[in-house]
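So the structure is just underneath, and the comments pick up after that.
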Amino acid sequence: MASISSGVACSHVPALGVASDQGLTGDDYYGPIFKGFEFSREWIAKEKPDVIFLVYNDHCTAFDARVIPTFALGCADEYQPADEGWGPRPVPVVKGHKALSAHIAQSLVLDSFDLTIINEMEVDHGLTVPLTMMFGQPDEWPCPVVPLAVNVVQYPAPLGTRCYDLGKAVRKAIESYPEDLKVCVFGTGGMSHQLQHERAGLINAKWDAEFMNLLVSDPDTGSRKEHIEYLREAGSEGIELVMWYVMRGALNKNVEEIHRFYHVPASNTAVGHLILENR
Amino acid sequence: LSSTAIKQLCISLRLQENRDAYKADREAYIDTFPMTTEQRSAALNQEWNLLLELGGNIYYTSKLAAFSIEGNRYKSEWEDK
């Protein structure tokens, strides 16, 4: 049977994709950030997941204002890196796992999570930057990816509690898949950042640290944070952090924090990163 | 107030053929989106904060901004506040 062994939380700052694509990962500005992921690249090379279940948000790329699914599960054979306005990122095509996607879709819908099924979709930096941070620049991504897109761009975004419960349902779905597969779950986005209007540039390192502590040790409490707290304390784009709770819900109640990295600034965002193993 | 047209104008520039059309005739391209007079003017004059107030969002307006050749990116909109 398939099983979930670990979880990764990781920001998706677009500038980190640009830094990787343009060979700037060793410079004074980006160097310390990529150094914070050196441990992670070694860890995942040993962890060797068969599949990554990647919770991310699309930035009006596959889903613009015409269609805004709250939860959308990718069920395709592959996902091409999208042109986000300045040409697609020069990264490998993201291979999917259609059979596992179909199984998860069925399991989630019959478990009362009525998500949207996407059979054709391009993926933006929200999905490819976390892959870059964890794997560097391989010719091919080392394993297939099952993407779950969460709407955190246009209110109403889903609640933290709903994301956490969805994670638990994702776990049930994966653990009922008959093939032996080791699955790593990624929760991406965040941490505190506000990209627009009068509070642009907001960072809240103290709140980010507490968010990570609660996520690891007391997710039942942490998942109940309200939207207004994310907005006030983590800025208008901090709401992305609800996606970390899908990842957390898919893991055991007890996890071991293998790695934590936090860095400010990356463009105008606080980069946060965790590796959690089931215990 | 409908914000969809303003968002769709911005996001349409994600695609090369639309970027080309926009560059060729900015005003004509903007007029293919059914915006209010105020939205149209904000888009044409690249009033970034007003665009947000009229229904834009940074993930949309950043596509329009990528083609902005006017303005000073080192000047803060808030420095006179």
Side-chain angles (χ1 to χ4, degrees), chain A residues 12-15 17-18 56-68 80-89 121-127 129 149-157 189-190 192-202 231 234-240 267-269, chain B residues 1-23 26 29-30 32-36 39-40 42-43 46-69 71-81:
Chain A
H12 62 220
V13 187
V18 176
Y56 80 108
N57 74 287
D58 175 83
H59 300 76
C60 332
T61 305
F63 314 117
D64 57 35
R66 289 172 296 185
V67 182
I68 307 172
Q80 291 291 339
D83 182 349
E84 297 177 55
W86 25 89
R89 287 193 64 204
M121 171 168 85
E122 292 185 330
V123 291
D124 69 16
H125 70 272
L127 187 139
V129 167
V150 180
N151 166 43
V152 287
V153 165
Q154 177 73 51
Y155 280 94
S192 57
H193 61 307
Q194 170 141 350
L195 305 176
Q196 48 198 331
H197 222 259
E198 294 203 27
R199 295 202 308 164
L202 179 144
L231 190 61
S236 54
E237 278 63 63
I239 188 65
E240 288 173 355
S267 54
N268 36 18
T269 305
Chain B
L1 175 73
S2 171
S3 66
T4 305
I6 210 166
K7 289 190 170 97
Q8 292 307 109
L9 158 67
C10 295
I11 207 68
S12 69
L13 301 177
R14 200 170 70 71
L15 302 175
Q16 187 63 51
E17 58 175 306
N18 296 335
R19 295 199 284 269
D20 293 343
Y22 176 76
K23 277 184 205 162
R26 218 155 61 91
Y29 187 79
I30 284 173
T32 62
F33 292 83
M35 291 187 285
T36 64
Q39 288 171 331
R40 179 187 183 278
Q46 303 181 339
E47 294 176 72
W48 303 116
N49 290 318
L50 187 57
L51 281 166
L52 297 175
E53 288 155 19
L54 297 177
N57 167 309
I58 190 70
Y59 299 122
Y60 291 91
T61 57
S62 59
K63 312 295 179 187
L64 190 63
F67 293 92
S68 165
I69 48 167
N72 177 359
R73 64 174 62 214
Y74 298 102
K75 180 177 158 50
S76 162
E77 283 103 338
W78 314 115
E79 68 188 29
D80 300 329
K81 287 215 164 190

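Worth saying up front: this structure is predicted, and the values here are computed from it rather than measured. Reminder, nothing fancy here: chain letters follow the sequence lines and each chain counts from 1.
Separating the CZ atom in Arg14(B) from the SG atom in Cys60(A) is a distance of 9.5 Å, to the nearest 0.5 Å. With values rounded to the nearest 0.5 angstrom, Ile11(B) atom CD1 is found 10.5 Å from His59(A) atom NE2.
Side chain of Lys63(B) to main chain of Glu84(A): a donor-acceptor pair is present (N/O by atom type, distance under 3.5 Å, no hydrogens or angles). The main-chain N or O of Gln16(B) is never found under 3.5 Å from a side-chain atom of Asp83(A) such that the two would form a donor-acceptor pair.
For Leu13(B), the part lying near chain A is the backbone, with the side chain staying farther off; criterion is any non-hydrogen pair under 4.5 Å. Of the two parts of Gln154(A), only the side chain, counted from C-beta on, holds a non-hydrogen atom closer than 4.5 Å to a non-hydrogen atom of chain B. Both the backbone and the side chain of Thr61(A) come within contact range of chain B, judged by heavy atoms closer than 4.5 Å. For Glu122(A), the part lying under 4.5 angstrom from a heavy atom of chain B is the side chain only.
The most heavy-atom pairs under 4.5 Å with chain A, out of Asn57(B), Thr61(B), Thr4(B), Ile58(B), come from Ile58(B).
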### Task
Please step through side chain to side chain contact (heavy atoms under 4.5 Å, CB included) for the pair Asp64(A) and Lys7(B), ending with a clear verdict.
CA-CA 8 Å; Asp64(A) 57 35; Lys7(B) 289 190 170 97; over 6 Å; no
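The two residues Trp86(A) and Ala66(B) make their nearest non-hydrogen contact at CZ3-CB, 3.6 Å.
Proximity of Tyr59(B) to Glu237(A): side-chain heavy atoms (C-beta onward) are separated by under 4.5 Å at one or more points.
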